[in-house]
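To start, the structure under review is shown below, and the notes come after it.
One-based numbering, in listed order, for ligands and for the atoms of each. Positions are given from 1 along the sequence.
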Amino acid sequence: MTTPRKLHIKSYGCQMNVYDAQRMVDTLAGEGFVETASAEDADLVILNTCHIREKASEKVYSELGRLRVAKDEAARAGREMKIAVAGCVAQAEGAEIIHRAPTVDIVVGPQSYHHLPELLKRAKENGRALETEFPVEDKFGFLPQPKPDAIRARGISAFVTVQEGCDKFCTFCVVPYTRGAEVSRPVAKIIDDVKQLADNGVREFTLIGQNVNAYHGEGPDGRAWSLGKLLQRLAAIPGVIRLRYSTSHPRDVDDDLIAAHRDLPELMPFVHLPVQSGADRILAAMNRKHTADDYRRVIDRFRAARQDIAFSSDFIVGFPGESEEEFSATLALVTQIGYAAAYSFKYSPRPGTPAAEMRETVSAAEMDERLGRLQELIDSQQSAFNRAAIGTTVDVLFERAARNPGQIVGRTAYLQPAHVMASPDIIGQVRSVRIDSLERYSLIGELATQSAPGLISQTIGA
Ligand code: SAH
Ligand code: SF4
Ligand code: F3S
């Protein structure tokens with residue numbers, strides 16, 4: 001093979017894009033590409049984009065402006081730089097990107113990443129290539145597995161896509177259009193992926209999907225398996241210490257999932273369960289197909305199964321027609337549930353979605369004001385949750401050396417970063433840590449003494 005070509009990928013948006021970026025790197029490794037940290041010296045730059053809110057989408061065009069300069073400079077130095085736009089903006093605005101940004105060589109939608117080598121060839125021959133079809137074949141069957149070295153370099157925590165796409169059509173959301181219909185991967189394929197990752201040192205697995213608990217992949221018995229059943233199977237794989245899943249929808253929480261939280265110590269007691277609003281009229285206008293009370297009942301079921309469970313959520317403020325009382329209902333729900341963390345966004349009208357046609361808009365000033373109040377409440381809950389860890393002993397899965405010399409950082413069950421002074425040997429292990437203090441969002445502690453062997457839970461002899 002000739003000298004390796006350099007590839008730079010910049011990802012925006014959700015965890016699915018982070019995962020997809022790795023699959024693109026793995027696919028292009030087969031074409032002789034190696035990853036580089038800077039766009040300037042890359043032969044191929046991929047922008048892996050997000051369309052969820054207007055701000056996210058617009059970043060693409062400003063980034064393309066910067067890349068055009070880099071591309072021109074490379075050309076002056078006698079080097080060719082190709083620019084590709086992938087992800088959800090590519091899917092939603094493919095033709096427009098080709099039209100608006102002559103600097104772009106390739107546009108590729110999320111379901112066609114396995115065609116990247118072919119698209120590169122086409123761009124070389126024809127100047128430009130666009131692919132935003134939803135191909136009939138399943139891309140997962142064609143995307144190559146990462147090499148052991150690549151897995152090791154990515155660390156002990158990995159995402160595994162188990163489900164993609166969404167059939168829910170919340171009226172504000174572009175995802176059903178950009179990612180297409182809901183598809184679940186077969187259980188056997190997921191088991192293979194998890195085994196390979198575990199064999200190469202991965203200890204924490206986050207199963208991802210736009211609607212992950214709508215999972216209904218084909219099991220080895222020929223039946224559709226639920227997410228709960230899948231989790232149970234994966235927990236039995238040697239090397240799997242922690243399991244998580246994201247993002248789940250309140251409507252798809254079934255008894256299997258609740259049972260998994262009751263029965264599986266590997267399944268972390270931290271669930272991201274977006275509710276969006278606490279007002280039933282708004283939830284109906286959003287087409288969420290659940291009420292605030294339905295959501296409270298779902299939370300209660302989780303809590304009954306596992307006492308130490310904590311939640312995070314997403315909220316939208318200023319959905320068309322949201323009144324002050326309706327916004328107050330959201331605050332009341334947050335107060336009642338008590339979150340460990342949450343994300344909140346100002347409503348952003350998205351082209352092609354039903355809500356974008358709704359007339360009763362909330363003013364920018366009101367949205368800002370509501371967002372401020374909601375975030376203040378969420379911040380106070382998050383701080384209280386973090387402070388409550390001080391003085392307790394918690395399990396931490398250690399990930400890597402921290403910035404301060406001698407310090408190792410890991411995460412608690414609730415994804416709080418935790419720092420201790422220790423030997424790097426503990427990386428990849430779960431250890432008990434006595435938490436002494438809190439610095440911003442990070443817990444600081446010491447390894448608990450090892451006198452009681454039972455305490456050092458789940459350290460596996462891989
Ligand atoms: N699949 C996930 C959400 C994906 S989008 C789910 O169903 O929960 C992540 C979050 O972005 C959403 O939960 C919502 O809070 C927010 N979001 C989506 N569309 C938005 C829009 N048009 N304006 C503002 N926020 C939006
Ligand atoms: Fe979007 Fe709703 Fe589907 Fe989540 S469930 S991806 S918010 S349409
Ligand atoms: Fe964004 Fe697409 Fe994810 S719109 S949030 S990158 S599914």
Side-chain angles (χ1 to χ4, degrees), residues 9-21 46-60 85-93 109-111 113 132 159 161 163-183 208-215 245-253 271-278 282-283 285-290 295 298 311-320 322 330 339 341-358 361-362 364 367 370-371 374-375 378:
I9 301 196
K10 191 163 181 183
S11 281
Y12 304 86
C14 63
Q15 297 167 335
M16 185 78 72
N17 266 6
V18 175
Y19 174 86
D20 287 346
I46 302 179
L47 293 185
N48 192 18
T49 61
C50 173
H51 195 56
I52 202 81
R53 285 168 291 273
E54 192 179 356
K55 248 202 197 140
S57 242
E58 274 176 352
K59 276 189 200 146
V60 183
V85 179
C88 290
V89 181
Q91 187 61 46
E93 300 178 0
Q111 303 313 326
Y113 295 151
T132 52
F159 294 132
T161 295
Q163 178 278 338
E164 193 168 350
C166 180
D167 297 337
K168 296 273 189 310
F169 291 94
C170 299
T171 53
F172 52 80
C173 183
V174 292
V175 171
Y177 311 97
T178 62
R179 293 277 167 171
E182 217 177 282
V183 176
I208 57 173
Q210 268 86 34
N211 237 230
V212 72
N213 56 334
Y215 178 83
Y245 58 89
S246 185
T247 295
S248 38
H249 193 289
R251 265 176 63 86
D252 293 322
V253 175
V271 177
H272 184 57
L273 195 67
V275 64
Q276 315 298 354
S277 166
I282 295 297
L283 288 169
M286 286 176 164
N287 192 32
R288 290 288 292 180
K289 298 203 179 84
H290 61 77
Y295 182 82
V298 171
F311 297 92
S312 62
S313 179
D314 294 340
F315 295 93
I316 295 178
V317 303
F319 185 82
E322 184 189 63
T330 301
Y339 289 98
Y343 305 91
S344 42
F345 310 100
K346 286 187 271 185
Y347 168 70
S348 167
R350 306 304 294 131
T353 60
E357 308 294 316
M358 297 177 186
T361 51
V362 174
M367 280 205 220
R370 288 179 194 171
L371 187 72
L374 178 56
Q375 287 185 339
I378 291 166

Report the member of [options] with the shortest heavy-atom distance to [atom].
| atom | options | result |
| --- | --- | --- |
| atom 2 (Fe) of ligand 3 | C88, S11, G87 | C88 |
| atom 22 (N) of ligand 1 | S348, S313, S277 | S348 |
| atom 7 (S) of ligand 3 | M16, Q210, R53 | Q210 |

Under 4.0 Å to a heavy atom of [X] - the qualifying atoms of ligand 1, by number:
| X | value |
| --- | --- |
| R350 | 22 (N) |
| Y347 | 23 (N), 24 (C) |
| D314 | 9 (C), 10 (C), 12 (C), 13 (O), 15 (O) |

Self-check item: F345 and ligand 1 - part of the residue with a heavy-atom distance under 4.0 Å
Solution: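 Side chain only.
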Quiz prompt | Contact partition for P274 relative to ligand 1, non-hydrogen atoms under 4.0 Å | solution =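 For P274, only side-chain atoms sit under 4.0 Å from ligand 1.
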Practice problem: Give a yes/no verdict on whether any heavy atom in K346 is under 4.0 Å from an atom of ligand 1. | Solution: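 So K346 counts as touching ligand 1.
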Quiz item: Can you find a non-hydrogen atom of I52 under 4.0 Å from ligand 1?
Solution: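 Yes.
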Quiz item: Is the distance between atom 2 (Fe) of ligand 2 and the nearest N/O/S atom of H249 smaller than 2.8 Å?
Solution: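 It does not: H249 brings no N, O or S atom closer than 2.8 Å to atom 2 (Fe) of ligand 2.
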Exercise. Please assess T353 against F172 for the test side chain to side chain contact (heavy atoms under 4.5 Å, CB included), listing each intermediate value before the final yes or no.
Key: CA-CA 6 Å; T353 60; F172 52 80; 5.8 Å; no
[atom]: which protein heavy atom is closest, and how many Å away?
| atom | result |
| --- | --- |
| atom 19 (N) of ligand 1 | F172 CD1, 3.3 Å |
| atom 15 (O) of ligand 1 | Q276 OE1, 2.7 Å |
| atom 1 (N) of ligand 1 | Q210 O, 2.7 Å |
| atom 26 (C) of ligand 1 | R53 NH1, 3.4 Å |
| atom 4 (S) of ligand 3 | H51 N, 3.2 Å |

Quiz prompt | Audit row: T171, M358, side chain to side chain contact (heavy atoms under 4.5 Å, CB included) steps and yes/no | solution = CA-CA 10 Å; T171 53; M358 297 177 186; 4.1 Å; yes
Atoms of ligand 3, numbered as shown, that sit under 4.0 Å from any heavy atom of [X]:
| X | value |
| --- | --- |
| C50 | 1 (Fe), 4 (S), 5 (S), 6 (S) |
| N17 | 6 (S) |
| C14 | 3 (Fe), 5 (S), 6 (S), 7 (S) |

Quiz prompt | Centroid-centroid distance, F319 to F345, less than 6.0 Å | solution =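 No.
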Exercise. Check whether any side-chain N or O of T49 sits under 3.5 Å from a backbone N or O of V89 as a donor-acceptor pair, and report yes or no.
Key: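 Pair found, side chain donor or acceptor close to backbone of V89.
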Exercise. Answer with side chain, backbone, both or neither: which part of F172 has a heavy atom less than 4.0 angstrom from an atom of ligand 2?
Key: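 Side chain only; the backbone of F172 stays clear of ligand 2.
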Quiz prompt | Within-cutoff protein neighbour (heavy atom, under 4.0 Å) for atom 4 (C) of ligand 1 | solution =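 There is no protein heavy atom less than 4.0 Å from atom 4 (C) of ligand 1.
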